[in-house]
Amino acid sequence: MSDNLRSLSITLVAEPKQVKSFTLTQWRIAELTLGDQGPNVLNLQLSMTERAAYRFNLTSTTPRLFVRAGFTGQTPKPDAITASQDVAAGWLDGEQQVLEAPMPMALQVWIESYLARHGEAPMEMRKKKRKGAGRAKETPTKEQPQ
């Protein structure tokens with residue numbers, strides 16, 4: 001198996017939720033297991049560009065996995081999974097449903113070893129501007145000779 005790819009099986013469950021006089025259906029991840037045995041199998045692929053996001057997730061109190069499951073308001077159909085909160089935020093901005101689940105310890109160890117092999121993401125430093133860059137210069141007018 002590739003060092004940056006793992007198959008995960010996901011089982012979703014619908015739960016009715018009462019909001020005032022309405023009953024809504026809320027979906028959640030009931031089970032998330034390693035392997036390709038289950039109703040919804042997705043591949044978690046790690047990316048070098050997301051290393052900082054993986055580290056941020058791993059250092060949180062409860063590391064999470066995020067599953068994209070189609071558009072908001074529709075019956076969820078899982079089609080992608082990530083360990084990056086940045087990627088999940090992009091999905092939410094695109095009005096996609098994002099379900100989340102605690103990350104299994106085996107995946108935390110796997111991501112940790114991936115980061116150890118490939119190094120931490122370099123800190124992005126902003127370049128210092130030269131003195132006066134980006135500032136408007138006063139130009140002399142006819143009334144104000146120099």
Subject >> Verify same cluster id: Leu46, Leu34 (apolar side-chain graph, 4.5 Å) >> reply: yes
Original post:
Taking the side chain from Gln108 and the backbone from Met103, do they hold a donor-acceptor pair closer than 3.5 Å?
Top reply: yes
**OP:** Taking all heavy atoms of Val41 and all of Gly38, pick out the closest pair and write down the distance.
**Re:** CG2-O, 3.9 Å
**OP:** Go through the side-chain N and O atoms of His118 and Asn4 and say whether any donor and acceptor fall under 3.5 Å apart.
**Re:** no
**OP:** Locate the shortest heavy-atom distance separating Ala101 from Leu32; write the atom from each residue and the value.
**Re:** CB-CD1, 4.2 Å
Subject >> Neighbour count >12 (heavy atoms, 6.0 Å) for atom OH, Tyr114 >> reply: yes
Original post:
Does the side chain of Thr49 pick up a donor-acceptor pair with the side chain of Ser47 at under 3.5 Å?
Top reply: yes
Subject >> Ser9 to Gly35 - nearest heavy-atom pair and separation >> reply: OG-O, 2.9 Å
Original post:
Is there a side-chain contact between Thr11 and Asn40 (heavy atoms, below 4.5 Å)?
Top reply: no
Original post:
Under the 3.5 angstrom rule, does the side chain of Gln18 hit a backbone N or O of Lys20 as a donor-acceptor pair?
Top reply: yes
Original post:
Do Leu99 and Leu12 have side chains that get closer than 4.5 Å, going by heavy atoms?
Top reply: yes
**OP:** Only counting residues at least two apart or in another chain, list the ones meeting side chain to side chain contact (heavy atoms under 4.5 Å, CB included) with Ala89.
**Re:** none
Original post:
Do the charged groups of Arg55 and Glu112 touch, with an N to O distance under 4.0 Å?
Top reply: yes
**OP:** Give the minimum heavy-atom separation between Val98 and Trp91, together with the two atoms involved.
**Re:** CG2-CB, 3.8 Å
Subject >> Leu5/Leu44 under side chain to side chain contact (heavy atoms under 4.5 Å, CB included): CA gap, chis, key distance, verdict >> reply: CA-CA 6 Å; Leu5 187 68; Leu44 174 61; over 6 Å; no
Original post:
Do the side chains of Trp27 and Leu8 join up, straight or via other hydrophobic residues, at under 4.5 Å, putting them in one cluster?
Top reply: yes
**OP:** Kindly indicate, with the supporting measurements, whether the criterion side chain to side chain contact (heavy atoms under 4.5 Å, CB included) is fulfilled by Asp3 and Arg117.
**Re:** CA-CA 10 Å; Asp3 86 326; Arg117 276 192 309 279; 3.1 Å; yes
Subject >> Atom pair CD (Glu50) and CG (Leu115), whose distance is rounded to the nearest 0.5 Å >> reply: 11.5 Å
**OP:** Would you check, one step at a time, whether the test side chain to side chain contact (heavy atoms under 4.5 Å, CB included) holds for Asn57 with Ile111?
**Re:** CA-CA 10 Å; Asn57 192 356; Ile111 293 173; over 6 Å; no
Original post:
Taking side chain as C-beta onward, heavy atoms only, is Glu15 less than 4.5 Å from Thr25?
Top reply: no
**OP:** Could you grab the distance from atom CG of Asn43 to atom CG of Asp36, nearest 0.5 Å is fine?
**Re:** 8.5 Å
Original post:
Going by heavy atoms in the side chains, are Leu107 and Arg6 under 4.5 Å from each other?
Top reply: yes
Less than 3.5 Å apart, which donor and acceptor atoms pair up between the side chains of residues 64-78 and the rest of the protein, not counting sequence neighbours?
residue	atom	partner	partner atom	Å
Arg64	NE	Glu100	OE2	2.9
Arg64	NH2	Glu100	OE2	3.3
Arg68	NE	Asp79	OD1	2.9
Thr72	OG1	Glu95	O	3.1

Subject >> From CA spacing to verdict: side chain to side chain contact (heavy atoms under 4.5 Å, CB included), Phe56, Asp86 >> reply: CA-CA 10 Å; Phe56 181 77; Asp86 297 343; over 6 Å; no
